[in-house]
Number of protein chains: 2
Amino acid sequence: MKRHVLIYGIIGGILITVLQWTQYRFLIIEHSVEIYSALIAALFAILGIWLGLKLTKTQEKIVVKEVPVPAVDPFVPNEQKREDLGITRRELDVLELIAQGMSNREIAEKLYVSENTVKTHSSRVFDKLGAQRRTQAVQLGKELGLLP
Amino acid sequence: MKRHVLIYGIIGGILITVLQWTQYRFLIIEHSVEIYSALIAALFAILGIWLGLKLTKTQEKIVVKEVPVPAVDPFVPNEQKREDLGITRRELDVLELIAQGMSNREIAEKLYVSENTVKTHSSRVFDKLGAQRRTQAVQLGKELGLLP
DNA sequence: GCCAAAATCACCCGAAAGGATGACGACAGA
DNA sequence: TCTGTCGTCATCCTTTCGGGTGATTTTGGC
């Protein structure tokens, strides 16, 4: 945009020079100041109009582009909810693995604990969620924001 | 925008008039044509610059608004996938109820069939999904777009 | 160091789930 | 009409799950 103003100034200077040169060339002929004034004014007015039109033409419109962003849902583990329900971290660990479709035995191996331990954790988390089955516990866990 | 050009022209006309009036008032004093030319040129140049700046200033920007659209995911039941896997509608019905945390008995009551029938359907769908447990079947079903 | 909560493990029992197999009727398409 | 698929139901058997109870060890905070 600054370039436009600069160009405008330069063109103005050139025009003045041209006009002065023209004036000296026809010095013998007597021209009235009014004519020169009008000429200069007209030229600059035309220039201004042209500039205005140009600026108008290149004017950009408001483009409110509503990009449907993936809305990736970062899923922050809902610690607060977990605490509220009195579910311990370990119990939630087990619940997560249950949600992934693992058996108690597989979970036990993955967590390096006995299957009995896993059963204890799962029983407790079911109790705290009010679930009778693991599928139900998973469903409730997701509804409560405990699981992704 | 056309208003700007109009205003510019009007202001130009007024200025010329003012200048001419000024000239007649100090007619006795001899002013050179160059001074008037320069004066007019300067005034119009300033006006042009002002106009340019104003146009620049009011120029509107592109607003790329990234609206995190709710992304509600309507979930269209993936019939194609179901067919590809050779899973029947009835089997998918059972899978959906399993995903909701229901027991075989509850599903049987809901669908008005025997528990044995539910077990048959579930066994078949597990087989087709390659699942050993219902939690795993649910997980796979969601990954494959069979379930919401 | 003490205490409470958390995590760990064990055993028992009944219910639920899962696997295998067979069967039967309905229905659509060749 | 014959065939294949689908939905239905059953029986037998094994595995997994869930509930209950009790116990020991770890851990974190005071």
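Every chain is numbered from 1 and lettered A, B, ... according to where its sequence line falls, protein lines coming before strand lines.
Taking atom CZ of Arg90(A) as the reference point, atom C1' of dG28(D) lies 16 Å away to the nearest angstrom. Computed from coordinates, the Glu109(B) CD to dT8(D) P distance equals 16 Å when rounded to whole Å. In this structure, CZ of Arg89(A) is placed 15 Å from C1' of dT26(D), rounded to the nearest angstrom. Atom CZ in Arg105(A) sits roughly 16 Å away from atom C1' in dG18(D) (whole-Å rounding). Ile98(B) has its CD1 atom 14 Å from the P atom of dC17(D), to the nearest Å. Between Ile107(A) atom CD1 and dG18(D) atom C1' there is a gap of 13 Å when expressed in whole angstrom units.
Side-chain contact between Gln136(B) and Glu106(A) is absent, with no heavy atoms from C-beta onward closer than 4.5 Å. Looking at heavy atoms from C-beta onward, Glu83(A) lies in side-chain contact with Arg89(A) at the 4.5 angstrom threshold. Side-chain contact between His121(A) and Leu97(A) is absent, with no heavy atoms from C-beta onward closer than 4.5 Å. With contacts defined as side-chain heavy-atom distances shorter than 4.5 Å, the pair Asp93(B)/Lys110(B) does not qualify.
A salt bridge is defined here as a Lys NZ or Arg NE, NH1 or NH2 lying under 4.0 Å from an Asp or Glu carboxylate O, and Asp127(A) with Arg124(A) fails to meet this definition. A salt bridge is defined here as a Lys NZ or Arg NE, NH1 or NH2 lying under 4.0 Å from an Asp or Glu carboxylate O, and Lys81(B) with Glu143(B) fails to meet this definition.
Put simply, Arg134(A) has a side-chain N or O that comes within less than 4.0 Å of OP1 or OP2 on dC17(D). Here His121(B) does not reach the OP1 or OP2 of dG7(D): none of its side-chain N or O atoms lies under 4.0 Å away.
One distance of note links CD of Gln100(A) with CG of Leu95(A); it measures 10.0 Å at 0.5 Å rounding. Between the CE atom in Met102(B) and the CG atom in Leu111(B) there is a gap of 7.5 Å [rounded to 0.5 Å].
A nucleotide of DNA chain C counts as in contact with chain A when one of its atoms lies under 4.0 Å from a heavy atom; the first and last such, 5' to 3', are dA6(C) to dA17(C).
A donor-acceptor contact under 3.5 angstrom links the side chains of Ser114(A) and Thr117(A), judged on distance only.
Nearest-nucleotide assignment on DNA chain D puts the 5′-proximal partner with Val113(B), out of Val113(B) and Arg133(B).
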Report each atom pair, protein N/O against N/O of nucleotides 10-12 of chain D, whose distance is under 3.5 angstrom.
residue	atom	partner	partner atom	Å
dA10(D)	OP2	Asn116(B)	ND2	3.4

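As judged by a 4.0 angstrom heavy-atom cut-off over every strand, Asn104(A) is placed among residues touching the sugar-phosphate backbone only. Gln132(B) comes within contact range of the sugar-phosphate backbone alone, with a heavy-atom separation under 4.0 Å but no base atom that close.
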